[in-house]
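The structure under discussion appears below in the form of structure tokens.
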Amino acid sequence: VAAELEAVVVDEFQDTSSPQLALLRAIARDRPGKLTAVGDPRQRIFSFQGSCCGQFGHFAREFGAEQVSLDENFRSTANICHFAAGVLGPAGGDGASGDAEAGAP
């Protein structure tokens with residue numbers, strides 16, 4: 001199956017579990033540049049099913065991924081963004097270890 005895929009995009013990457021990461025590794029191991037991970041580490045809600053902190057930092061190191069932070073919010077007002085930053089902290093970190101958000105576990 002992996003040979004037939006041109007690209008793999010994983011949305012909500014912050015909620016991936018160890019078995020899901022193992023599947024991604026098997027698919028993308030010898031296919032650099034074919035895997036993209038998208039998500040917000042501050043929105044990790046599936047820890048009860050095995051999602052781990054620091055996924056983006058691990059992803060960057062393992063897959064040699066480039067980090068691209070989307071710092072501009074087009075959906076929320078400035079008041080909501082300031083409130084969220086006060087509660088969650090600034091955007092761009094992995095939500096646990098201080099690693100910058102990146103594209104791979």
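Computed from a predicted structure; not experimentally measured.
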Between Glu6 and Lys34, the two heavy atoms sitting closest are O-CD, 2.8 Å

Flag the pair [X] / [Y] as yes when at least one side-chain heavy-atom distance between them is below 4.5 Å, and no otherwise.
{"X": "Phe83", "Y": "Asn79", "answer": "no"}
{"X": "Val38", "Y": "Phe13", "answer": "no"}
{"X": "Thr36", "Y": "Val8", "answer": "no"}

Partners passing side-chain contact (heavy atoms from CB on, under 4.5 Å) against Leu23 (at least two apart in sequence or in another chain): Ile27

To the nearest 0.5 Å, tell me how far Ser76 OG sits from His82 NE2. 12.0 Å

